[in-house]
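Everything below concerns the one structure shown next.
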Amino acid sequence: MEKLWEHGFRDQLRVQSAKQDVMLTQPTLNPTNNAEKTAEVMFEKFDVRSLCMASQSILGLYSSGSYLTYYVSFLFFKHEKPVGIHRLDLGGRDVTDYIAKLLSQSHNYEFTSPLDKEIIRQLKESVCHVANVDYFHELSQIEVKADKAVWYELPDGNVCKFFFGLSNEFRNVQIFFCTSCKTQKIDVGTVQVKGPEIMFQPKLLNIDQTPVQDLVNESIMKCELAMRRELFNNIVLTGGNTMFSGFQQRLSHELSKLVFKSVKVKVVSMSYRNYCVWIGAAVLADMPTFREQWMEKSNYSEKGAQFIHFKSF
Ligand SMILES: Nc1ncnc2c1ncn2[C@@H]1O[C@H](COP(=O)(O)OP(=O)(O)OP(=O)(O)O)[C@@H](O)[C@H]1O
């Protein structure tokens with residue numbers, strides 16, 4: 001991480017870290033020693049002026065402008081132990097890896113190199129979607145898409161062209177791609193819905209994780225009774241992994257099955273949700289009223305790295 005931050009300050013932002021107030025985002029339920037180590041490195045090595053470590057979920061909510069942000073912020077800032085927070089240890093990288101595994105099995109080719117992974121990520125973001133209502137029905141009904149081309153520039157500057165076409169053999173979507181020296185053919189087929197499905201059915205990976213819809217339901221049920229209806233009616237999606245088409249509708253459908261008929265489920269999905277953590281951070285970092293959430297260098301000298309827990313959220 002030190003190397004990455006150094007690259008960020010020196011090569012990307014081109015600033016001297018010693019003169020900066022730094023806001024870092026952290027995943028929900030980040031282990032406490034991660035935050036302490038981060039504070040130590042930021043103050044000792046980079047000599048930053050002040051530091052704020054902010055929850056990615058809360059920042060995403062700030063960018064949504066939802067009035068519920070204030071309720072959730074209250075839970076974070078005023079309660080010693082915030083309620084209703086769960087974390088699903090399954091993200092975009094797991095979806096990419098699962099797709100690579102499925103394609104490896106069906107094509108007798110190991111997608112393991114960084115370039116292979118990058119190609120799979122591109123493929124995931126361009127052709128995969130979340131199954132609508134009935135996953136198994138949709139698997140049997142995979143639409144055949146014809147003649148769609150996507151250009152992909154390889155890291156070394158070569159251009160590689162993808163063709164999406166028909167496979168008579170499998171009646172499924174196929175991708176052909178060519179590099180300067182070889183031609184490969186990838187049959188995507190049912191993988192386009194199998195990949196994202198692991199968030200709704202982690203058991204497909206043979207791992208012990210709770211499906212995303214159950215986690216949302218459990219989170220809300222841990223909150224005050226009086227707030228639950230409002231919360232079910234204001235679920236905000238944030239993060240790149242929710243960008244799959246059909247995610248919003250499927251989550252809404254699955255949640256509706258878990259709640260009373262009289263409870264209205266509304267899932268808000270902003271088009272910029274893959275950037276909303278950054279946007280929320282930019283908004284908060286600029287607010288003078290938020291200044292008390294920053295840990296100053298003098299705090300670090302007097303109280304040590306543990307003080308970050310009083311300032312982070
Ligand atoms: N349009 C898209 N469709 C599907 N997935 C997308 C899309 N855009 C981005 N993603 C995926 O979102 C993930 C990045 O999400 P995010 O920016 O929230 O960071 P992250 O939480 O660090 O991700 P990860 O879960 O991969 O560690 C990547 O895996 C990326 O492939």
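In what follows, residues are counted from 1 in the order of the sequence shown. Read the numbers this way: they start at 1 and go in the same order the structure lists the ligands and their atoms.
- If you check the side chains of S17 and R10, you find no donor sitting under 3.5 Å from an acceptor.
- At a heavy-atom cutoff of 4.0 Å, ligand 1 is contacted by no atom of Q56, backbone or side chain.
- The atoms of ligand 1 that sit less than 4.0 Å from any heavy atom of G239 are 18 (O).
- Ligand 1 has no N or O atom lying under 3.5 Å from any N or O atom of N274, backbone or side chain.
- Remark: aromatic rings of F307 and F43 are distant, center separation not under 6.0 Å.
- Residue-environment remark: CZ (R87) exceeds the threshold of 12 foreign heavy atoms within 6.0 Å.
- Taking the ring centroids of F46 and F9, they lie under the 6.0 Å cut-off.
- For atom 8 (N) of ligand 1, a protein heavy-atom neighbour is present inside the 4.0 Å cut-off.
- Of the protein's heavy atoms, G240 C, 3.1 Å lies nearest to atom 12 (O) of ligand 1.
- Assignment of N241 to the shell around ligand 1 is supported, since a heavy atom sits closer than 4.0 Å.
- The aromatic ring centres of Y272 and Y275 sit 6.0 Å or more apart.
- Among the atoms of G91, none of the N or O lies under 3.5 angstrom from an N or O of ligand 1.
- Residue-ligand proximity, R121 to ligand 1, at heavy-atom distances under 4.0 Å covers atoms 31 (O).
- Side-chain atoms of T242 and R273 form a donor-acceptor pair, as typed in the model, at a separation below 3.5 Å.
- By the 6.0 Å contact criterion, NZ on K203 is open, its count of non-hydrogen atoms from other residues, nucleotides or ligands being 12 or less.
- Remark: atom 23 (O) of ligand 1 lies closer than 4.0 Å to no protein heavy atom.
- Residue G92 approaches ligand 1 through these ligand atoms, each under 4.0 Å from one of its heavy atoms: 24 (P), 25 (O), 26 (O), 29 (O).
- At the top of the distance list for atom 4 (C) of ligand 1, counting protein heavy atoms only, stands F244 CE2, 3.5 Å.
- Looking at H253 and Q213, their side chains never bring a donor and an acceptor atom within 3.5 Å of each other.
- At a distance under 4.0 Å, no protein heavy atom can be found next to atom 19 (O) of ligand 1.
- For atom 29 (O) of ligand 1, the nearest non-hydrogen atom of the protein is K124 NZ, 3.1 Å.
- The distance from the CD atom of Q306 to the CD atom of E40 is 9.5 Å, given to the nearest 0.5 Å.
- Checking M243, R93, H129 against atom 2 (C) of ligand 1, the nearest heavy atom belongs to M243.
- Between the side chains of H129 and E138, at least one donor-acceptor pair of N or O atoms lies under 3.5 Å.
- Taking any N or O of E125, backbone or side chain, at least one lies under 3.5 Å from an N or O belonging to ligand 1.
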